[in-house]
Amino acid sequence: MPDFSLPSLSATNAVGITGAVWLDMRRPAARVASGLTIAGAELRDPLDFGHDDPLTRERGPIIVFCAHGHELSQFACALLLVHKCNARYVTGGFGALSTAGAPMAPLS
């Protein structure tokens, strides 16, 4: 079986990237509980994210995060890679981004 790992980046490195699309893949309940997201992030319900999502046609960098940087962001990253997107997921997820000083915005 081939060794395959998804491209990831630390929260500190993610915060320093400009011009990327941010994709918030947290479950709706986790998003509502925090009341915040990354400023300008695209919000997606992980149960509805699929091959027909407009982001699958995005060619600029996409930074994907979920609550902890595990299943949800890694799934979205893998799906985007299938579509030849330049996607990476954030290790540590939203909590790590918050600690790293990512620009936050209230949910609208």
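Keep in mind it's a predicted model, so treat the numbers as computed, not measured. Computation of the quantities below employed the complete heavy-atom set of this structure, encompassing side-chain atoms and omitting hydrogens, waters and symmetry-equivalent molecules.
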How far does [atom1] of [X] sit from [atom2] of [Y], to the nearest 0.5 angstrom?
X: L72; Y: D45; atom1: CG; atom2: CG; value: 9.5 Å
X: L80; Y: I62; atom1: CG; atom2: CD1; value: 4.5 Å
X: L97; Y: I38; atom1: CG; atom2: CD1; value: 4.5 Å
X: Q74; Y: L81; atom1: CD; atom2: CG; value: 11.5 Å

Over all atoms of both residues, closest heavy-atom pair of [X] and [Y]:
X: Y89; Y: G69; value: CE1-O, 3.5 Å
X: S10; Y: T91; value: CA-OG1, 3.7 Å
X: E42; Y: V21; value: CG-CG1, 3.9 Å
X: L55; Y: D53; value: N-OD1, 2.8 Å
X: T56; Y: C85; value: O-SG, 3.4 Å
X: G101; Y: V15; value: O-CG1, 4.3 Å

> Which side chain to side chain donor-acceptor pair (under 3.5 Å) pairs, counting each pair once, include a residue from residues 62-72, with sequence neighbours left out?
Replying inline: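 Passing the test, one end in residues 62-72: no pairs.
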> Relative to F65, does R26 satisfy both conditions: NZ or CZ under 6.0 angstrom from the six-membered ring centre, and within 45 degrees of the ring's axis?
Replying inline: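 Negative - R26 is either too far from the ring of F65 or too far off its axis.
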> Considering residues at least two apart in sequence or located in another chain, which fulfil the salt bridge (Lys or Arg N to Asp or Glu O under 4.0 Å) criterion with E58?
Replying inline: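 Expected list: none.
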> Of all residues at least two apart in sequence or in a different chain, which pass the salt bridge (Lys or Arg N to Asp or Glu O under 4.0 Å) check with R31?
Replying inline: D24
Does a side-chain heavy-atom distance below 4.5 Å link [X] with [Y]?
X: I63; Y: V90; answer: yes
X: T12; Y: T99; answer: no
X: H83; Y: H51; answer: yes
X: P28; Y: P46; answer: yes

> Would you say the side-chain atoms of S98 pair up with the backbone N or O of F94, donor to acceptor, closer than 3.5 Å?
Replying inline: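 No, S98 side chain to F94 backbone: no donor-acceptor pair under 3.5 Å.
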>> I'd like to know if W22 and M25 are part of one continuous hydrophobic network [Ile/Leu/Val/Met/Phe/Trp/Tyr, side-chain heavy atoms within less than 4.5 Å].
In response: no
> Does I17 belong to the same Ile/Leu/Val/Met/Phe/Trp/Tyr cluster as M104, with side-chain heavy atoms less than 4.5 Å apart forming each link?
Replying inline: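 Yes; tracing contacts between hydrophobic side chains, which count when under 4.5 Å, links both residues.
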